[in-house]
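Here is the structure we will look at.
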Amino acid sequence: MSKEITTREKDYAQWYNDIVLKAGLADYSAVRGCMVIKPYGFALWENMRDQLDKMFKETGHQNAYFPLFIPKSFLSKEAAHVEGFAKECAVVTHYRLMNDPDSGGIVVDPTAKLEEELIVRPTSETIIWNTYKTWIQSYRDLPLLINQWANVVRWEMRTRLFLRTTEFLWQEGHTAHATAQEAIDETIQMLNVYATFAEEWMAMPVIKGVKSENERFAGAVDTYCIEALMQDGKALQAGTSHFLGQNFAKAFDVQFTDKENKLDYVWATSWGVSTRLVGALIMAHSDDDGLILPPKIAPVQVVMIPIYKNDEQKKLIDEKVKLFMEDFKALGIKVKYDDDDNNRPGWKFAEYELKGVPVRIAIGARDLQNNVVEVARRDTKEKVSVSMDGLANTIFVLLNDIQKNIYDKAKNFRDNNIRNADTWQEFEQMLDKGGFVAAHWDGTAETENKIKELTKATIRCIPLNNKQENGKCILTKKPSKERVLFARAY
RNA sequence: CGGGGCGUAGCGUAGCCCGGUUAUCGCGCCACAUUUGGGAUGUGGAGGUCGCAAGUUCGAAUCUUGCCGCCCCGACCA
């Protein structure tokens, strides 16, 4: 029992950290607030990235890459944008070091000061729109549909592995359109891509909605988002898609000539998801024994473990397993055979449970005689004896079943944790239970701020296709036409 | 930046209050053997600037001062 995990009940935050560290997803690094993503964690991210990348390309986007550094003056061209990010930027001021004759160490060479400081990108709207100015002249250049996979830096005061790190990996899409409607359609399209990805691949149900003014992206006209619910009842923003209007086009003077030979500013969107999704995945599904990964994202879907008492037995098992491995691979199942003799089966069972491998197959001499294997599924911990005949097909079906079961479980939890509140007292009680609270709101930033101050809860989103009903604001009792979703959030 | 806590082997720790042999224990690591159907056992072994610096002292992990770093709570975080 060398890898105890703190239980969720005892300390949810510690449980999360334990999972990340002990399942080998990431480590703390020598740099405050920055993590090392370990191979298993990176494999998870790669699987997410590859699927998203495919979906972006299917919707007509191309990848490109823009500089890590942004001239300081660029950031200030869009007023709301700079206000939103100024307080969390890393700034490059010099380009050379020198030996310090006094201490013998290395110091910044004061003569190597940059004329204009460079900002390490917290997001790339500015450098990209500065570039788009040279790319776009005519409506024939539109739409421009670009995505980039990159790292960004936001100097947050307090960080948490995957959920909020100083440097993180993400993708950011930046598109340019001839009309407002086309840009809005793009914004919604990408929101739907994210929602589909979250639900079908990550098995994580999400609510699609639009942000209130307070929570809007700095420089956006509208921010759409997908919101997920974690097991501790707190909400997590899993992805955002922004309709930027003509804000950045105006800030960077990006105009185009339309079919009638009239000049107009370009309409823009941007959208992104980050390595935070790995954190979301952990908190949505895992349990006190470790990770639970949906098969579609798992780096290893099936692990096979031999059980033997001597070399002859091992050899017979090896031969059998080799055949199964071929069958699995033919069906596109990611399988690993762990015949490492340094660890005993019991250790391996615990280890792969910790790592969230969806299916474990144990095969021993006894099984060879009976023409069966022992199949254990991670999500329910069920163990059954399964015939060797048609094993790959059995497992293929099982993996789909696990994917569905994990989603259903998360959805059930989420649905049971959306509650309507009609009085302030109800509102506070329900927030303490965790989950989303649907309540009426008078639509003002002032009221939202007041509610945040009183309860630490924020408006996570105003759901799309929200039911319209007359009511009174939970705080001010002013009239309202729809409920919005409040929650305490990460 | 305010409040609290902590720095001893790769990790987790005892010792510190009340200074005194070779710095404790567990995990992990290395070798060998026996093991292998739920985190094995035995034997042997390696591994330490006790965060850094100065001071007090015959003598400092232990006392004093300064510095550095980390964690938690708050502020902050679209």
Side-chain angles (χ1 to χ4, degrees), chain A residues 1-6 11 13-14 17-18 21-22 27-33 80-81 83-89 122-123 153-161 163-166 168 209-227 235-242 270-272 274 276 289-290 304-311 313-314 317 338-355 360-370 372-376 381 383 385 445 448-449 452-453 456 458-461 488-490:
Chain A
M1 302 298 268
S2 61
K3 290 188 174 177
E4 284 292 332
I5 295 173
T6 306
D11 184 344
Q14 190 56 49
N17 281 335
D18 284 353
L21 297 171
K22 290 176 180 174
D27 257 338
Y28 291 107
S29 75
V31 184
R32 195 185 82 103
H81 190 66
E83 201 191 317
F85 286 105
K87 281 180 280 186
E88 52 188 47
C89 287
T123 179
V153 167
R154 295 182 186 177
W155 214 267
E156 306 285 1
M157 296 216 178
R158 190 183 299 175
T159 56
R160 294 198 60 193
L161 295 168
L163 296 175
R164 188 183 300 111
T165 47
T166 301
F168 56 95
V210 63
K211 287 290 190 190
S212 65
E213 184 191 338
N214 276 8
E215 303 278 320
R216 194 178 290 154
F217 174 75
V221 173
D222 270 315
T223 286
Y224 294 83
C225 62
I226 52 172
E227 292 284 328
L236 183 81
Q237 178 179 300
T240 49
S241 185
H242 314 291
S270 70
W271 27 275
S274 72
R276 173 181 257 202
D289 294 318
M304 302 194 73
I305 296 172
I307 295 163
Y308 52 91
K309 301 204 192 305
N310 52 50
D311 286 350
Q313 287 186 356
K314 173 72 176 13
I317 293 166
D338 185 354
D339 65 342
D340 183 345
D341 196 38
N342 290 320
N343 294 307
R344 299 162 82 245
W347 188 91
K348 292 176 187 173
F349 293 171
E351 184 66 11
Y352 289 109
E353 272 164 20
L354 177 61
K355 295 203 152 176
R360 180 184 76 232
I361 298 175
I363 175 167
R366 205 166 73 196
D367 301 312
L368 288 179
Q369 282 190 342
N370 299 332
V372 296
V373 292
E374 182 193 78
V375 173
K381 294 288 202 77
K383 286 198 282 196
S385 203
E448 185 179 356
N449 284 332
K452 185 179 178 183
E453 212 174 286
K456 291 186 175 177
T458 49
I459 296 174
R460 301 320 302 158
C461 71
R488 298 202 174 109
Y490 276 95

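Letters go in sequence order (proteins before strands), and every chain restarts at 1.
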Atom CG of A:Leu354 and atom P of B:rG38 are separated, to the nearest Å, by 18 Å
Touch class at under 4.0 angstrom, heavy-atom based, for A:Arg360 against every strand present:
base
Open item on the list: Between B:rG51 and B:rC16, how many Å separate the two C1' atoms, rounded to a whole number?
Closed with: 16 Å
(Q) I'd like the P distance from B:rU35 over to B:rC71, given in whole Å. (A) 48 Å
Looking only at atom C1', what distance separates B:rA75 and B:rC11, rounded to whole Å?
33 Å
Quiz item: Taking the C1' atom of each, how far is B:rG69 from B:rG47, in whole Å?
Solution: 24 Å
Review point. According to a strict under-4.0 Å criterion, is A:Arg158 in side-chain N/O contact with OP1 or OP2 of B:rC73?
Key: yes
### Task
Pick base, sugar-phosphate or nothing for A:Ala365, based on heavy-atom distances below 4.0 Å to the nucleic acid.
base
Taken to the nearest whole Å, CG/A:Asn17 to P/B:rG12 is 13 Å
In whole angstroms, the gap separating P of B:rA78 from CG of A:Asn449 amounts to 13 Å
Under the rule of Watson-Crick or G-U wobble with both distances under 3.5 Å, where | means paired to another strand and [ ] a crossing pair, RNA chain B maps to (((((((..(((.......[....))).((((((.....)))))).....(((((..]....))))))))))))....
Counting neighbours of CD on A:Glu83 that are heavy atoms of other residues, nucleotides or ligands and sit closer than 6.0 Å, is the number greater than 12? no
B:rA31 versus B:rG39 - spacing of their C1' atoms, nearest Å = 23 Å
A:Lys452 atom NZ is separated from B:rC77 atom P, nearest whole Å, by 6 Å
How would you label the contact of A:Glu88 with the nucleic acid (heavy atoms, under 4.0 Å): base, sugar-phosphate, or nothing? sugar-phosphate
Nucleotides 40-46 of chain B: which of its N/O atoms have a protein N/O under 3.5 Å away?
unit_1 : atom_1 : unit_2   : atom_2 : d
B:rA40 : OP2    : A:Arg344 : NH1    : 2.6
B:rA40 : O4'    : A:Arg344 : NH1    : 3.0

Problem - Stepwise side-chain hydrogen bond (donor to acceptor under 3.5 Å, both in side chains) check, A:Asn449 with A:Glu453 - result: CA-CA 6 Å; A:Asn449 284 332; A:Glu453 212 174 286; over 6 Å; no
In whole angstroms, the gap separating P of B:rG39 from CG of A:Asn342 amounts to 18 Å
_Counting only side-chain nitrogens and oxygens, does A:Lys456 get under 4.0 Å of the OP1 or OP2 atom of B:rG74?_
yes
Among the nucleotides B:rC77, B:rA78, B:rU36, whichever has the atom closest to the side chain of A:Glu215 is B:rA78
From the candidates B:rC77, B:rU36, B:rG38, the one with an atom nearest any side-chain atom of A:Arg164 is B:rC77
Atom CZ of A:Arg488 and atom P of B:rG74 are separated, to the nearest Å, by 12 Å
*How about A:Asn310: does its CG atom have over 12 heavy atoms from other parts shown lying under 6.0 Å from it?*
yes
Considering only heavy side-chain atoms of A:Ile307, the closest of B:rG38, B:rU36, B:rA78 is B:rU36
message = Looking at the base of B:rG38, is there any donor atom on it, or on the side chain of A:Lys383, that sits under 3.5 Å from an acceptor on the other one?
response = yes
**Prompt:** Ignoring hydrogens and angles, does a donor from either the side chain of A:Asn343 or the base of B:rG39 sit under 3.5 Å from an acceptor on the other?
**Reply:** no
Looking only at atom C1', what distance separates B:rC58 and B:rA14, rounded to whole Å?
28 Å
- Message: Mind checking if A:Glu374 touches a base, just sugar-phosphate, or nothing, with heavy atoms under 4.0 Å?
- Response: base
With the side chain defined as heavy atoms from C-beta on, A:Pro345 is closest, among B:rG37, B:rU35, B:rC77, to B:rG37
Judged by nearest nucleotide, the residue sitting upstream toward the 5' end of RNA chain B, A:Gly33 or A:Phe217, is A:Gly33
Check your understanding: Looking only at atom P, what distance separates B:rU62 and B:rG44, rounded to whole Å?
Key -> 34 Å
Checking B:rC77, B:rA78, B:rG37 against the side chain of A:Asp367 (C-beta onward), the nearest is B:rG37
Worksheet item: Is it true that A:Lys314 and A:Asp341 have a side-chain N and a carboxylate O under 4.0 angstrom from each other?
Response: no
A:Met157 atom CE is separated from B:rA78 atom C1', nearest whole Å, by 16 Å
A:Asp222 CG to B:rA78 C1', in whole Å, measures 13 Å
For nucleotides B:rC76 and B:rC1, find the distance between their C1' atoms and express it as a whole number of Å. 11 Å
- request: Classify the nucleic acid contact of A:Ala218 as base, sugar-phosphate or nothing, counting any heavy atom under 4.0 Å across all strands shown.
  value: base
